[in-house]
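Fair warning: this is a prediction, and the values are worked out from it, not measured in the lab. Counting convention: from 1, in listed order, for ligands and their atoms alike.
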Amino acid sequence: MSTAGKAIKCKAAVLWETHKPFSIEEIEVAPPKAHEVRIKMVATGVCRSDDHVISGNFVTPLPAVLGHEGAGIVESVGEGVTSVKPGDKVIPLVSPQCGKCKSSKQPENNLSRKNQYGRRSGTMLDGTTRFTCRGKPIHNFLGTSTFSQYTVVDEIAVAKIDGAAPLEKVCLIGCGFSTGYGSAVKVAKVTPGSSCAVFGLGGVGLSVIIGCKTAGAARIIAVDINKDKFAKAKELGATECINPLDYNKPIEEVLQEMTDGGVDFSFEVIGRLDTMMSALLSCHAAYGVSVIVGVPPNAQNLSVNPMLLLLGRTWKGAIFGGYKSKDAIPKLVADFMAKKIPLEPLITHVLPFENINEAFDLLHAGKSIRTVLMF
Ligand code: COD
Ligand code: ZN
């Protein structure tokens, strides 16, 4: 029996308040309105940004259905939807592509005015939510909310992908992989023969390493305080791995000495102000490029001596690897299908969706790169 046009009752992980585990609840998912798409989720990755919501470092309205790195199959579409149809395999877009606003039309920019990073309304574009639990409206998260058997997204926040793609793997293209890989190949534009330093070896940092290697970097220096991350970093292309805890001087000095004045490209993939400064200082003062990938704790600022930039360094940042999501995701999926990019090494654990709290325990313990939850 078709579910189109009807509310669907299903399981979702609801975060009622910060510093608390998820609670698996029965929720009601309303049908998609005009220009919206309802998706049956098949798989979702667990990203550190979801954890930042739990810890209060990423502020978004609660209660909410979190999750933003998923893949699924379109169940039904609202009026006027043209880019996807029921049965299509899709990836929800954490960084939507409206194609209409000034920055969306700018060829090198990917931040649509309709993005949720700034607004964080916890709603659909029309200001309402499609989730209800125990009679209460539940917010959505970054326009995606993938920790639910069914979710509803705006049409600008979903991309159709190859019907043969394995959703339990390509879900990583919805956030972590693309954010890291694009930061290297598209935002920094790493050059062949160059030297790179990557701070933070989670799923996103390792994807930066994959990007640096693909771009032909000669030296890729991986930096992390958890040495258990080094084996995987080397497997994916790091040429050296260093642990700041092994030195009694700042890690930027170590990197400057290792590279005769600093690397060509550095990446902060942790989300800490001190490591953002270390990454900046570890790139060459005259021509180094440092890219901020991690989101800093809410409402914290850095104070910077302008001389650090005046000598010629470039300091930049981007969300979602600088990619225009709706255009780029199907191509990245095609690259995965053509075996041009690896995703499997990033997936260390696969769990049933109901075990979501275990996935976060693994993340906190530094034991997982990516856990994929299966519905
Ligand atoms: N020095 C060196 N390494 C450190 C330090 C430190 N002081 N502190 C932590 N680390 C290491 C950890 O040991 C860990 O290996 C790594 O840093 C972080 O990895 P994860 O697994 O916690 O995180 P990821 O890779 O899943 O995500 C990291 C980001 C910071 C990129 C992510 O949380 C984020 O902020 N993304 C923002 C970009 C974005 O577009 N966000 C929206 C959707 S994610
Ligand atoms: Zn993410």
Inset, instruction - Say whether T275, considering both its backbone and side-chain N or O atoms, lies within less than 3.5 Å of an N or O atom on ligand 1. - result: no
Inset, instruction - Would you confirm whether K324, through its side chain, and N109, through its main-chain N or O, come within 3.5 Å as a donor-acceptor pair? - result: yes
Inset, instruction - Work out whether the distance between some heavy atom of G203 and some atom of ligand 1 is less than 4.0 Å. - result: yes
Legend entry - Closest protein heavy atom (residue, atom, distance) for atom 32 (C) of ligand 1: S49 OG, 3.7 Å
Inset, instruction - May I ask you to check whether T128 and T123 show a side-chain donor-acceptor distance below 3.5 Å? - result: no
Inset, instruction - If the plane angle is over 60° it's perpendicular, under 30° parallel, otherwise tilted; pick one for F360 and F22. - result: tilted
Legend entry - Which of the ligand 1 atoms, numbered from 1, are nearer than 4.0 Å to a heavy atom of G200: 16 (C), 17 (O)
Legend entry - Identity and separation of the nearest protein heavy atom to atom 22 (O) of ligand 1: R48 NE, 2.5 Å
Inset, instruction - Give the residue and atom name of whichever protein heavy atom lies nearest to atom 19 (O) of ligand 1, and the separation in Å to one decimal. - result: G202 CA, 3.2 Å
Legend entry - Atoms of ligand 1 close to C47 [distance to a heavy atom under 4.0 angstrom, numbered from 1]: 44 (S)
Legend entry - Backbone or side-chain N or O of V204 under 3.5 Å from ligand 1 N or O: yes
Inset, instruction - Tell me which one of T144, D224, I242 gets a heavy atom nearest to atom 11 (C) of ligand 1. - result: D224
Legend entry - Atoms of ligand 1 close to H68 [distance to a heavy atom under 4.0 angstrom, numbered from 1]: 43 (C), 44 (S)
Legend entry - Side-chain H-bond candidate by donor/acceptor type, T144 with T146, under 3.5 Å: no
Legend entry - Protein heavy-atom partner closest to atom 35 (O) of ligand 1 - residue, atom, separation in Å: V295 N, 2.9 Å
Inset, instruction - State whether K234 and E240 are salt-bridged, where the test is any N-O pair (Lys NZ or Arg NE/NH1/NH2 against Asp/Glu carboxylate O) under 4.0 Å. - result: no
Legend entry - Minimum-distance protein heavy atom relative to atom 42 (C) of ligand 1: Y117 CE2, 3.4 Å
Legend entry - Apex the Zn ion (ligand 2); atoms C175 SG and H68 NE2; angle rounded to 10 degrees: 110°
Inset, instruction - Please say whether more than 12 non-hydrogen atoms of neighbouring residues, nucleotides or ligands are located less than 6.0 Å from CG in D246. - result: yes
Inset, instruction - Please report the shortest heavy-atom distance between V269 and G205, naming the atom on each side. - result: CG1-N, 3.4 Å
Legend entry - Donor-acceptor side-chain pairing of E28 and T132 below 3.5 angstrom: no
Inset, instruction - Give a yes-or-no answer on whether the side chains of K326 and S83 include a donor-acceptor pair shorter than 3.5 Å. - result: yes
Legend entry - Sub-3.5 Å N/O-N/O distance, I369 and ligand 1: no
Legend entry - No-hydrogen, no-angle side-chain donor-acceptor test under 3.5 Å, D264 and H284: no
Inset, instruction - Run the numbers for me: atoms of ligand 1, each under 4.0 Å from some heavy atom of H52, listed by number. - result: 33 (O)
Inset, instruction - Please report which non-hydrogen protein atom sits nearest to atom 28 (C) of ligand 1, along with the residue it belongs to and the distance in Å to one decimal place. - result: V269 O, 3.7 Å
Inset, instruction - Find all atoms of ligand 1 within a distance of less than 4.0 Å from any non-hydrogen atom belonging to R272, and give their numbers and elements. - result: 7 (N), 8 (N)
Legend entry - Subset of ligand 1 atoms that lie under 4.0 Å from at least one heavy atom of N226: 13 (O)
Inset, instruction - Name the orientation class of the two ring planes belonging to F58 and F141 (parallel below 30°, tilted from 30 to 60°, perpendicular beyond 60°). - result: perpendicular
Inset, instruction - Would you mind telling me which of V185, I173, I329 makes a side chain to side chain contact (heavy atoms under 4.5 Å, CB included) with Y323? - result: V185
Legend entry - Nearest atoms (heavy-atom pairs only) where E25 meets C133: CB-SG, 3.6 Å
Inset, instruction - Look at atom 30 (C) of ligand 1 and say which protein heavy atom is nearest, naming residue and atom and giving the distance to 0.1 Å. - result: I270 O, 3.1 Å
Legend entry - Residue and atom name of the nearest protein heavy atom (relative to atom 38 (C) of ligand 1), distance in Å to one decimal: V293 O, 3.2 Å
Legend entry - Nitrogen or oxygen atoms of K229 and ligand 1 under 3.5 Å apart: yes
Legend entry - contact_flag R370 ligand 1 heavy-atom lt 4.0 Å: yes
Legend entry - Check: A4 main-chain N/O paired with S2 side-chain donor or acceptor under 3.5 Å: yes
Inset, instruction - Check whether any heavy atom of C175 sits under 4.0 Å from an atom of ligand 1. - result: yes
Legend entry - Under 4.0 Å to a heavy atom of L201 - the qualifying atoms of ligand 1, by number: 15 (O), 16 (C)
